[in-house]
K.L.:
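Let me begin by handing over the structure; questions about it come next.
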2 protein chains.
Amino acid sequence: MSSLKNVADMAGVSVATVSRVLNSDDVVKEDTKQKVLAAIKKLNYTPNRVAQRLRSTKTNSRIIGLLIPDIQNPFYVDVIRGIEDYAYAHNSVVIIGNFSQDEKKEKLYIDILKSESVDGFIVAPSNEKDVYIKALIEDGFPIVCIDRGMKDVDVDLVKVDNQQGVFNAVQHLIGLGHTRIGHVTGKPFLPTTHERMAGYEEAMKMYDLEIDPEIIVSSNSDYDSGAEKTAHLLELENPPTAIFTANNLITLGALDTINRRGLRIPEDIAIVGFDDVYWANSLNPPLTAVRQPGFEIGRRSCELLIQRINKPDRSVASIILKTELMIRKSCGS
Amino acid sequence: MSSLKNVADMAGVSVATVSRVLNSDDVVKEDTKQKVLAAIKKLNYTPNRVAQRLRSTKTNSRIIGLLIPDIQNPFYVDVIRGIEDYAYAHNSVVIIGNFSQDEKKEKLYIDILKSESVDGFIVAPSNEKDVYIKALIEDGFPIVCIDRGMKDVDVDLVKVDNQQGVFNAVQHLIGLGHTRIGHVTGKPFLPTTHERMAGYEEAMKMYDLEIDPEIIVSSNSDYDSGAEKTAHLLELENPPTAIFTANNLITLGALDTINRRGLRIPEDIAIVGFDDVYWANSLNPPLTAVRQPGFEIGRRSCELLIQRINKPDRSVASIILKTELMIRKSCGS
DNA sequence: CTGAAAGCGCTTACAG
DNA sequence: CTGAAAGCGCTTACAG
């Protein structure tokens with residue numbers, strides 16, 4: 001691959017000049033600019049991004065580090081698509097670190113990404129006081145959080161109104177006549193878990209329904225524990241007639257359990273889940289779900305990050321997106 | 001972040017010496033080595049990968065470019081996980097380019113990744129004679145293909161025995177008494193489409209069943225066209241009693257159509273799909289499917305790539321993995 | 001308006 | 001066994 005030097009030689013100018021036209025420094029005389037452009041074209045030259053990155057931070061070919069808790073979760077896939085979409089349109093590129101909820105892996109990725117000189121990070125912190133992320137922020141790295149914020153630290157954040165989303169879902173269930181509504185929550189220490197819980201309680205209270213701790217069970221936010229906790233709920237002496245599941249993995253697990261037991265949805269048990277999936281209509285019956293705009297979350301977070309990189313001292317922003325209740329057939333009609 | 005120079009100063013040696021202990025060049029005297037190590041530890045030093053990459057190709061912190069046709073396809077998500085898993089364990093990192101079957105985007109990603117000096121590429125070529133990939137191979141870049149090979153070029157490849165996989169699935173259907181078996185194929189120009197077709201034909205012929213072109217329809221390999229083509233099949237005057245769908249997106253689309261029409265699976269229509277998903281048991285009924293070991297495909301491809309990077313002239317390898325028919329409930333019993 | 005030169009953080013012949 | 005120096009491909013003050 002050809003270098004600046006090659007272009008300079010061919011155009012009969014210095015590398016400095018070539019660099020200037022590349023970075024559209026408009027001091028360059030039109031005439032020489034054309035010569036350089038011609039040489040670039042002829043040599044099919046593209047700047048070496050590694051050298052650019054080593055030299056300076058003021059490029060617009062950014063490299064973005066993405067720390068994702070679980071790439072198998074379709075919600076994060078949507079987020080990734082959104083980030084990638086925005087990054088791509090802005091001449092940037094993303095390195096993915098999928099840390100599988102493993103703090104050690106998270107730490108190592110942070111180190112690697114730092115030494116790759118990423119221009120900034122987009123992360124879903126593994127918990128509210130994630131020390132590694134906190135350190136990153138305090139070190140002044142450009143960061144935006146998605147899905148979950150941080151405690152005691154100001155940081156850009158893009159997420160969804162969880163409480164409102166769950167409120168709508170539970171209200172929907174209540175409107176359909178359910179009064180005993182189970183809740184399989186996510187991991188106890190996640191902010192989203194609390195917010196979703198709050199939405200559940202808000203709805204139950206508003207309609208004067210009993211909040212029975214027996215039918216509120218916390219899961220590990222994954223498929224297996226979703227299946228297991230649902231089984232638990234179903235085996236209760238006085239089981240719920242409807243279940244709210246706090247994320248898509250839990251929902252899928254719950255469906256597994258319900259199918260395995262030959263229960264009919266919604267006749268025997270109704271279900272609404274947090275997180276929609278693009279194949280919700282492929283389920284039988286089609287799943288009613290709280291849709292998070294994952295793609296949009298991704299795009300916005302990437303936009304915020306690039307802003308932050310360009311202007312490190314702009315004030316911290318929180319973007320709260322709305323959810324949408326996708327009413328299909330899993331709750332009755 | 002501290003640099004080689006800082007370490008050298010603190011240890012009272014030259015940067016060359018520090019570099020040597022970093023790259024475990026064993027000429028360094030044990031004594032000075034210890035001093036350097038101590039300084040490294042004290043300063044919490046990690047080498048700057050960007051500088052390393054600019055300087056030399058003989059590092060073992062690789063950066064791998066991944067060109068993926070569609071990150072929303074769960075099969076590729078598994079592949080990505082496998083790649084990431086192997087890369088992570090080998091001090092390497094992956095940059096994802098999700099080109100969404102768009103050749104222009106594919107081309108641009110290739111250029112970007114080249115100028116990021118990636119050490120090699122893992123790609124699922126958009127077709128057998130993908131010119132950009134071909135050019136890359138001819139330029140001598142380390143490359144391994146996944147899922148689909150290339151025509152007229154020797155290249156490392158890891159994929160699955162598609163024909164055998166489909167043969168098993170169709171044979172299963174036949175064993176259950178089906179004789180009129182529809183087939184929604186993938187995109188016409190993909191190698192996998194042909195191989196899967198061959199498996200279908202092989203099975204039909206072996207059992208002396210009619211291969212009726214009317215019930216073999218080609219789709220665009222995605223959800224929507226899977227839904228649409230299945231509708232077409234179902235509306236035929238003499239519709240099939242069972243359908244084989246050639247990938248997971250098509251399968252999901254087919255399920256959507258079947259549900260929408262209120263048809264029962266497998267009583268009204270049986271279905272087997274290529275590609276398994278981890279939530280197959282969440283479907284109602286649980287889906288019978290041909291499982292590709294996506295994670296394994298990812299791991300092996302990354303292993304192959306790193307081998308190739310280290311030894312550019314080792315002979316070309318093809319790894320063909322086995323599929324597994326996951327018999328659940330969507331075909332009858 | 002343009003060039004010569006320093007430097008980003010490394011690695012690696014070349015001397016000694 | 002160790003250091004001084006060149007160089008990877010760029011950008012950017014500093015002169016002119």
Side-chain angles (χ1 to χ4, degrees), chain A residues 1-37 39-40 43-63 91 111-119, chain B residues 1-37 39-40 43-63 91 111-119:
Chain A
M1 297 188 63
S2 43
S3 73
L4 253 202
K5 181 97 182 40
N6 300 329
V7 177
D9 288 350
M10 168 165 286
V13 298
S14 74
V15 291
T17 300
V18 179
S19 177
R20 287 194 189 96
V21 348
L22 241 25
N23 298 292
S24 39
D25 184 340
D26 37 340
V27 291
V28 186
K29 199 167 47 166
E30 187 59 29
D31 191 31
T32 60
K33 183 173 168 181
Q34 290 310 326
K35 276 192 301 188
V36 171
L37 254 19
I40 286 175
L43 288 172
N44 206 342
Y45 168 77
T46 43
N48 180 321
R49 289 174 168 240
V50 176
Q52 287 183 147
R53 186 161 305 120
L54 181 60
R55 193 56 187 76
S56 132
T57 167
K58 292 203 193 92
T59 343
N60 33 31
S61 70
R62 330 237 74 127
I63 179 160
N91 197 29
D111 285 344
I112 293 183
L113 293 179
K114 266 161 109 177
S115 65
E116 288 288 356
S117 299
V118 298
D119 295 290
Chain B
M1 299 188 63
S2 43
S3 71
L4 252 202
K5 181 98 181 40
N6 299 329
V7 177
D9 288 351
M10 166 165 289
V13 299
S14 73
V15 293
T17 300
V18 179
S19 176
R20 286 195 188 96
V21 348
L22 242 24
N23 298 293
S24 39
D25 185 340
D26 37 340
V27 292
V28 185
K29 199 169 43 164
E30 186 59 28
D31 192 30
T32 60
K33 182 172 168 183
Q34 290 310 327
K35 278 191 301 187
V36 171
L37 255 18
I40 287 175
L43 288 172
N44 207 341
Y45 169 77
T46 43
N48 179 321
R49 290 173 168 241
V50 177
Q52 287 184 148
R53 186 161 304 120
L54 181 61
R55 193 55 186 74
S56 132
T57 169
K58 291 203 195 92
T59 341
N60 33 31
S61 69
R62 332 236 73 130
I63 180 160
N91 196 28
D111 285 344
I112 292 183
L113 294 178
K114 267 162 109 175
S115 64
E116 288 288 357
S117 299
V118 298
D119 295 289

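Everything numeric in this text was worked out from a predicted model, so none of it was measured. In what follows, chains carry the letters A, B, and so on, assigned in the order in which the sequence lines appear, proteins first and then strands, with residues in each chain numbered from 1. Just the heavy atoms: all of them, side chains too, but no hydrogens, waters or symmetry mates, feed the values below.
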K.L.:
Of all the nucleotides listed (D:dG3, D:dG9, C:dA4), which has the minimum atom distance to the side chain of A:Ala51?
P.N.:
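The answer is D:dG9.
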K.L.:
Do A:Arg53 side-chain and D:dG9 base share a donor-acceptor contact under 3.5 Å?
P.N.:
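Answer no: no donor N or O sits under 3.5 Å from an acceptor.
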K.L.:
Rounded to whole angstroms, how far apart are CZ on A:Arg20 and C1' on D:dT11?
P.N.:
9 Å
K.L.:
Rounded to the nearest 0.5 Å, what's the gap from OG on A:Ser117 to CE on B:Met1? Could you check?
P.N.:
7.5 Å
K.L.:
Is the phosphate of D:dT11, meaning OP1 or OP2, less than 4.0 Å from a side-chain N or O of A:Gln52?
P.N.:
yes
K.L.:
Specify the separation, in whole Å, of atom CG of B:Leu54 and atom P of C:dT12.
P.N.:
13 Å
K.L.:
Looking for any heavy atom pair under 4.0 Å, which part of the strands does B:Val50 touch: base, sugar-phosphate only, or nothing?
P.N.:
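No contact.
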K.L.:
Rounding to a whole Å, what distance do you find between A:Glu30:CD and C:dT2:P?
P.N.:
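Going from A:Glu30 (CD) to C:dT2 (P), I get 11 Å.
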K.L.:
Do the side-chain N or O atoms of A:Ser19 get closer than 4.0 angstrom to the phosphate oxygens (OP1, OP2) of D:dT11?
P.N.:
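Answer yes for this pair, as a side-chain N or O of A:Ser19 is under 4.0 Å from OP1 or OP2.
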K.L.:
Test A:Asp31 against A:Lys35 for salt bridge (charged side-chain N to carboxylate O under 4.0 Å, His left out), laying out the working first.
P.N.:
CA-CA 7 Å; A:Asp31 191 31; A:Lys35 276 192 301 188; 5.4 Å; no
K.L.:
So which nucleotide does D:dG16 pair with, by the Watson-Crick or G-U wobble rule with both distances under 3.5 Å?
P.N.:
C:dC1
K.L.:
By nearest atom, which of the nucleotides D:dC10, C:dT2, D:dT2 is closest to the A:Pro47 side chain?
P.N.:
D:dC10
K.L.:
Within this structure, what is the CG-to-P distance between A:Leu22 and D:dG9, rounded to whole angstrom?
P.N.:
15 Å
K.L.:
Tell me: NZ of A:Lys114 to P of C:dG9, nearest whole Å?
P.N.:
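That distance rounds to 15 Å.
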K.L.:
Hey, are the side chains of B:Leu22 and B:Leu4 touching, using non-hydrogen atoms and a 4.5 Å cut-off?
P.N.:
yes
K.L.:
If only side-chain N and O atoms of B:Asn48 are considered, is one of them under 4.0 Å from the OP1 or OP2 phosphate oxygen of C:dC8?
P.N.:
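So the side chain of B:Asn48 is outside the cut-off, no N or O lying under 4.0 Å from OP1 or OP2 of C:dC8.
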K.L.:
I need the A:Ser3 OG to A:Asp9 CG distance, nearest 0.5 Å.
P.N.:
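If we round to the nearest 0.5 Å, A:Ser3:OG and A:Asp9:CG are 8.0 Å apart.
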K.L.:
Between D:dT12, D:dG9, C:dT2, which one does the side chain of A:Val27 approach most closely?
P.N.:
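Ranking D:dT12, D:dG9, C:dT2 by closest atom to the A:Val27 side chain puts C:dT2 first.
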K.L.:
Ignoring hydrogens and angles, does a donor from either the side chain of B:Arg55 or the base of C:dG9 sit under 3.5 Å from an acceptor on the other?
P.N.:
no
K.L.:
Return no unless some side-chain N or O of A:Thr32 is found under 4.0 Å from OP1 or OP2 of C:dC1.
P.N.:
no
K.L.:
Mind calculating the distance between NZ (A:Lys5) and P (C:dG3) to the nearest angstrom?
P.N.:
12 Å
K.L.:
Could you walk me through whether A:Glu116 and A:Arg53 satisfy the salt bridge (charged side-chain N to carboxylate O under 4.0 Å, His left out) test, starting with their C-alpha distance in whole Å, then the side-chain angles of each, then the deciding distance to 0.1 Å, before giving a yes or no?
P.N.:
CA-CA 9 Å; A:Glu116 288 288 356; A:Arg53 186 161 305 120; over 6 Å; no
K.L.:
What is the distance, rounded to the nearest whole Å, between atom NZ of B:Lys35 and atom P of D:dG3?
P.N.:
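Spelled out: NZ on B:Lys35 to P on D:dG3 is 8 Å.
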K.L.:
Please report, rounded to the nearest Å, how far the P atom of D:dG7 is from the CG atom of B:Leu4.
P.N.:
19 Å
K.L.:
Return no unless some side-chain N or O of A:Ser14 is found under 4.0 Å from OP1 or OP2 of C:dA4.
P.N.:
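Answer no for this pair, as no side-chain N or O of A:Ser14 is under 4.0 Å from OP1 or OP2.
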